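Comments concern the structure below.
These figures come from a predicted structure and were not determined experimentally. Every chain is numbered from 1, with letters handed out A, B, ... down the list of sequences.
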Amino acid sequence: MNPAQALPALPAAPDDDHAPPPLSISERARVAAAPRASDYLAGLNPEQRQAVEATEGPVLVLAGAGTGKTRVLTTRIAHLIATGKAWPSGILAVTFTNKAAREMKERVSHLVGAAGEGMPWLGTFHAIGTKVLRRHAELVGLRSDFTILGMDDQIRLLKQVIAAEGIDEKRWPARQLASFIDGWKNRGLQPKEVPAGEAAAFANGRGLALYGAYQARLKTLNATDFGDLLLECLRLWRDNPDVLESYQQRFRYMLVDEYQDTNVAQYLWLRLLAQARKNLCCVGDDDQSIYGWRGAEVDNILRFEHDFPGATVIRLERNYRSTGHILAAASGIIAKNKDRLGKTLRTEDEAGEKVTVSGAWDSEEEARQIGEEIEALHANKERLSDVAVLVRISAQMREIEDRFVTLGLPYRVIGGPRFYERAEIRDALAYLRATAQPADDLAFERIVNLPKRGLGEAAVQCIHAHARRARVSMMQAARYLVETDEMKPAPRRSLRDLMASFDRWRAMMDRTAHNELAATILEESGYTDMWQKEKSADAAGRLENLKELVRSMEEFPDLASFLEHIALVMDANETEGQDRVSLMTLHAAKGLEFDTVFLPGWEEGLFPSQRALDENGRAGLEEERRLAHVGLTRAKRRAKIYFASNRRIHGMWNSTIPSRFVDELPEEHVEVTEAPAAYSVRGASRFETMTPFGSSYQTPGWQRAQARAAEASADPDSDIRGSGEFSEPGAFFNQGRGFGSGARPQRRSPGGRTGPQMIEGEILAKSTGAPSAYALGGRVLHLKFGPGTVAAIDGNKLTVDFDKAGRKMVLDSFVEAAS
DNA sequence: TCCTAGCGCTTTTTT
DNA sequence: AGCGCTAGGA
């Protein structure tokens with residue numbers, strides 16, 4: 001980056017079998033112009049170095065977790081540039097995510113200086129596909145200013161297509177069709193290539209017709225979806241050999257990151273480009289292929305040597321991340337997989353701590369244990385940002401978040417709803433699109449009645465009908481309709497105002513900064529007003545997001561390039577800096593690392609996911625196992641696995657058994673922790689573990705609750721798990737319906753003490769008569785709702801305004817005084 | 001046109 | 001349980 005840190009002279013051309021031919025004058029000049037990399041090869045281990053220097057022919061680098069994969073990729077690019085084998089513009093480097101592309105760009109320019117910034121062909125498959133398509137749009141029936149539809153637009157369009165074919169959208173949901181079409185596109189299949197049998201699965205055999213109709217509709221709209229960005233490239237290159245050849249000539253060297261995640265379409269895309277020069281270097285790890293469910297084809301990496309004869313395969317097995325026990329545990333698990341190329345990770349690091357396995361009674365206790373351990377780590381001067389909790393499914397997060405809120409542990413959820421997927425952002429973008437691209441019907445439709453301006457279903461239908469009849473955009477149709485009296489006066493007036501606004505904004509476009517224009521549009525359209533009037537808790541956050549959106553536009557030269565960027569980039573701009581625990585899914589954790597990793601929910605059915613097993617059998621199981629491997633290899637120094645005996649799934653309590661992966665861990669690298677309250681979990685029969693009072697398994701809920709309440713008052717120290725919140729008496733009688741229907745299973749604890757739970761406020765309220773120890777306006781802390789202020793007191797019943805949860809009536813025994 | 005009660009669905013998620 | 005969507009009524 002910094003030119004001042006000038007780099008010493010190049011090392012001599014690598015002295016190996018693939019030594020380049022003598023350099024011509026122009027090539028020498030090129031080398032001279034390339035920024036010098038210092039001893040960029042020096043820090044590499046022998047395998048890494050081999051991977052960097054094997055520039056010619058197909059190369060597969062099998063890079064295990066934490067083996068320096070990104071380093072190899074970036075150094076390889078630097079090497080190609082520094083040795084004069086290629087200009088930056090002659091190197092194609094593809095990644096899956098924008099984040100990965102950004103990082104790679106950064107690291108390359110760090111190595112080679114400003115030349116790296118100029119790598120025009122470093123990007124995601126989709127970004128590069130877009131670039132190619134814009135240049136040759138007319139050859140595939142598009143104009144070069146085609147719009148890229150996001151998922152929501154895609155669904156909206158499919159709904160229209162389904163409706164147009166006279167199919168009941170409720171019976172055959174657009175979402176499902178979208179996943180069919182995405183699946184076909186992932187496999188590189190155009191409508192005419194889809195196997196007849198497959199398409200029959202949707203809408204009684206009309207799936208294929210719908211796919212065709214959808215594609216036709218996209219063309220009319222001058223639009224593509226994400227899949228098309230690759231598919232249309234394939235079509236372009238196949239139908240126009242001269243165009244293909246120009247790209248084959250251009251890309252002297254090609255690099256692919258995360259090759260195990262490529263789908264068939266991407267494989268075909270790469271193969272077409274690599275056919276001529278064959279300098280294709282794929283980096284990946286078959287043991288980290290976890291995206292099969294969205295079309296990734298592990299076979300691509302497993303078959304690499306077959307697909308690219310004469311390929312060099314290099315294994316990176318030296319792990320620089322994890323300590324010995326963690327690595328051995330991860331290796332032990334992944335070794336059970338059959339479909340793999342086989343690698344053995346090793347480390348020169350110390351053995352470190354063993355992987356721990358802990359059982360918990362239920363998911364709440366699991367969350368409590370994790371919270372406690374994190375607090376202990378924190379007290380021990382560990383940074384929270386070095387700690388992560390990795391879950392299998394997002395639904396697991398809530399309980400853990402609840403616990404963190406209660407404890408006041410700062411945390412951040414990674415990979416939540418993405419910035420650009422948030423409704424308010426999509427709405428704002430729709431306004432901008434409708435302004436900048438008047439033919440963008442989907443954008444227009446999204447905001448025509450947002451905020452509500454009296455243009456409901458009927459009005460939209462009317463515009464639609466006219467647009468279709470006159471074969472014009474909805475915007476044009478609307479323009480026509482305000483001049484006629486096909487519409488009722490009220491909507492007509494409203495529509496006229498809206499059209500006038502759009503005219504005004506469009507007129508501003510060339511003389512107003514685009515971010516200013518955006519602010520104006522959001523203001524004048526009443527959109528920001530809409531959220532300002534909204535009293536809900538997240539309205540403020542949404543307004544904040546809108547501000548952030550406008551601010552982020554500054555970085556782009558004009559509205560068009562901003563919209564282009566938006567269509568492809570879906571990353572949230574994470575605010576860094578604070579010391580927080582990270583909470584995310586295992587999928588989101590790929591590529592990250594933390595000192596300490598908590599892995600809750602290792603239970604059959606949840607992890608491995610029952611659905612993965614049902615739908616994909618052994619392949620599904622192996623993918624889950626890879627996920628376990630990914631989870632463990634995120635840990636640098638500590639990995640902690642948990643399972644609970646009872647977990648609520650879709651609102652119902654279920655008895656669960658530990659994951660088979662727990663038992664696949666190699667014994668000698670694992671330590672089973674003592675549960676804080678000693679109760680046997682493993683091997684306990686389902687009924688034993690869940691009957692609270694002898695045979696009360698079938699006892700009506702009210703009896704159980706009474707018994708529990710009595711016990712609660714008798715034992716103030718008992719483990720309080722209910723919230724103490726009041727509920728209507730009626731609701732109470734509706735809840736205790738026994739196991740599997742919402743009632744919570746009871747713990748059997750050694751001393752015969754049973755934790756009271758779901759305590760019915762009314763009963764407990766009668767059983768304790770002591771006056772409240774809390775004062776009006778006092779601060780209290782509630783186990784479930786967190787901190788709050790006492791608003792009213794009635795005996796032992798408090799009305800508390802919780803900071804997070806709002807106003808609730810709770811029993812004072814459920815709160816404690818807080819500062 | 002707007003509000004709300006009820007229904008059904010529910011892994012993982014990028015572009 | 002929680003969310004989003006839809007239908008049906010005000």
Side-chain angles (χ1 to χ4, degrees), chain A residues 94-101 123-130 148-155 159 169-170 173-176 179 182 185-186 224-231 258 261-263 265-266 289-296 363 390-399 402 414-418 420-421 423 449 451-460 488 490-491 494 565-572 584-591 601 605-616 620 623-624 626-628 630-631 647-653 735 741-742 744:
Chain A
V94 261
T95 63
F96 272 84
T97 63
N98 292 297
K99 189 169 159 236
T124 62
F125 277 103
H126 294 84
I128 291 169
T130 307
I148 302 162
L149 267 39
M151 270 209 320
D152 55 327
D153 294 321
Q154 194 190 1
I155 300 289
K159 272 186 182 153
E169 207 266 330
K170 252 164 289 165
R175 255 174 204 296
Q176 201 188 337
S179 75
D182 283 346
K185 290 187 174 178
N186 283 340
T224 68
D225 61 17
F226 284 122
D228 283 345
L229 295 175
L230 296 168
L231 206 55
E258 307 279 19
D261 288 340
T262 49
N263 60 36
Q266 286 156 343
S289 163
I290 55 175
Y291 286 110
W293 49 274
R294 68 178 194 212
S363 41
L390 312 183
V391 295
R392 177 61 183 78
I393 61 171
S394 318
Q396 284 172 264
M397 290 187 190
R398 185 196 314 272
E399 271 177 310
D402 281 353
I414 298 192
R418 310 227 157 261
Y420 294 112
E421 285 168 29
N449 197 30
K452 298 269 187 291
R453 45 172 79 91
L455 296 169
E457 191 64 21
V460 172
K488 297 222 170 75
S494 178
H565 166 82
I566 289 307
L568 288 168
V569 179
M570 304 287 263
D571 291 321
M584 70 195 92
T585 62
L586 285 160
H587 285 88
K590 196 171 84 160
L606 177 62
F607 188 39
S609 138
Q610 192 56 50
R611 188 156 163 178
L613 265 38
D614 291 346
E615 288 175 6
N616 293 306
E623 182 153 319
E624 294 287 300
R626 291 193 290 268
L627 206 44
V630 166
R647 186 174 297 273
R648 195 159 26 184
I649 298 163
H650 307 322
M652 289 198 304
W653 283 97
Q735 59 183 9
S741 62
R744 182 199 194 91

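- The nearest pair of heavy atoms linking A:Arg392 to A:Leu606 is CG-O, 3.3 Å.
- Stacking is found between A:Trp293 and the pyrimidine-like six-membered ring of the B:dT12 base under the 5.5 Å centre-distance and 30° plane-angle cut-offs.
- In this pair, A:His650 lays its aromatic ring flat on the base of B:dT10, centres within 5.5 Å and planes under 30 degrees apart.
- In plain terms, the two heavy atoms of A:Ala100 and A:Thr95 that are nearest each other are CB-CB, 3.9 Å.
- Minimum atom distance to the side chain of A:Lys452 is reached by B:dC2, of the listed C:dG2, B:dT11, B:dC2.
- When distances run from any side-chain atom of A:His587 to the nucleotides C:dG2, B:dT11, B:dT13, the shortest one goes to B:dT13.
- Regarding A:Met397, its CE atom lies at a distance of 16 Å from the C1' atom of C:dG2, rounded to whole Å.
- With rounding to whole Å, A:Gln154 atom CD is found 15 Å from B:dT14 atom P.
- Proximity note for A:Thr585 (side chain, C-beta onward) versus B:dT12, C:dA1, B:dT15: the nearest is B:dT12.
- To the nearest angstrom, P of B:dT1 lies 7 Å from CG of A:Leu455.
- When the P atom of B:dT15 is taken as reference, atom CG of A:Asp261 falls 12 Å away, rounded to whole Å.
- Between A:Trp293 and A:His587, the two ring planes are perpendicular [angle over 60°; tilted spans 30° to 60°].
- Between the CG atom of A:Asn616 and the P atom of B:dT11 there is a distance of 14 Å, rounded to whole Å.
- In this structure, NZ on A:Lys159 lies 7.5 Å from CZ on A:Arg175, to the nearest 0.5 angstrom.
- Judged by closest nucleotide on DNA chain B, A:Arg611 is the one of A:Gly227 and A:Arg611 placed further toward the 5' end.
- A:Arg294 places its CZ atom 8 Å from the C1' atom of B:dT15, with the value rounded to the nearest Å.
- A:Thr124 OG1 to A:Lys99 NZ: the interatomic distance, rounded to the nearest 0.5 Å, is 14.5 Å.
- OP1 or OP2 of B:dT15 has at least one side-chain nitrogen or oxygen of A:Asn98 nearer than 4.0 Å.
- Checking B:dT15, C:dG2, B:dT13 against the side-chain heavy atoms of A:Ala588 singles out B:dT13 as nearest.
- The side chain of A:Ser394 places an N or O atom within less than 4.0 Å of a non-bridging phosphate oxygen (OP1 or OP2) of B:dT12.
- Separating the CD1 atom of A:Ile393 from the P atom of B:dT13 is a distance of 10 Å, rounded to the nearest angstrom.
- When all heavy atoms are compared, the tightest approach of A:Glu624 to A:Pro608 is OE1-CA, 3.3 Å.
- In this structure, of B:dC2, C:dG2, B:dT13, it is B:dC2 that holds the atom nearest to the side chain of A:Asn449.
- Across all strands, A:Gly454 comes closer than 4.0 Å only to sugar-phosphate atoms, never to a base (heavy-atom distances).
- For A:Asp182 and B:dT12, the CG to P distance is 17 Å, given to the nearest whole Å.
- Looking at which nucleotide of DNA chain B each of A:Pro491 and A:Ala612 is closest to, the 5′-most match is held by A:Pro491.
- Contact annotation for A:Leu613: no contact, since no heavy-atom pair falls under 4.0 Å across all strands.
- At the heavy-atom level, A:Arg392 lies under 4.0 Å from base atoms of the strands shown.
- Considering only side-chain atoms of A:Ser609, the nucleotide from B:dT13, B:dT15, B:dT11 that sits closest is B:dT11.
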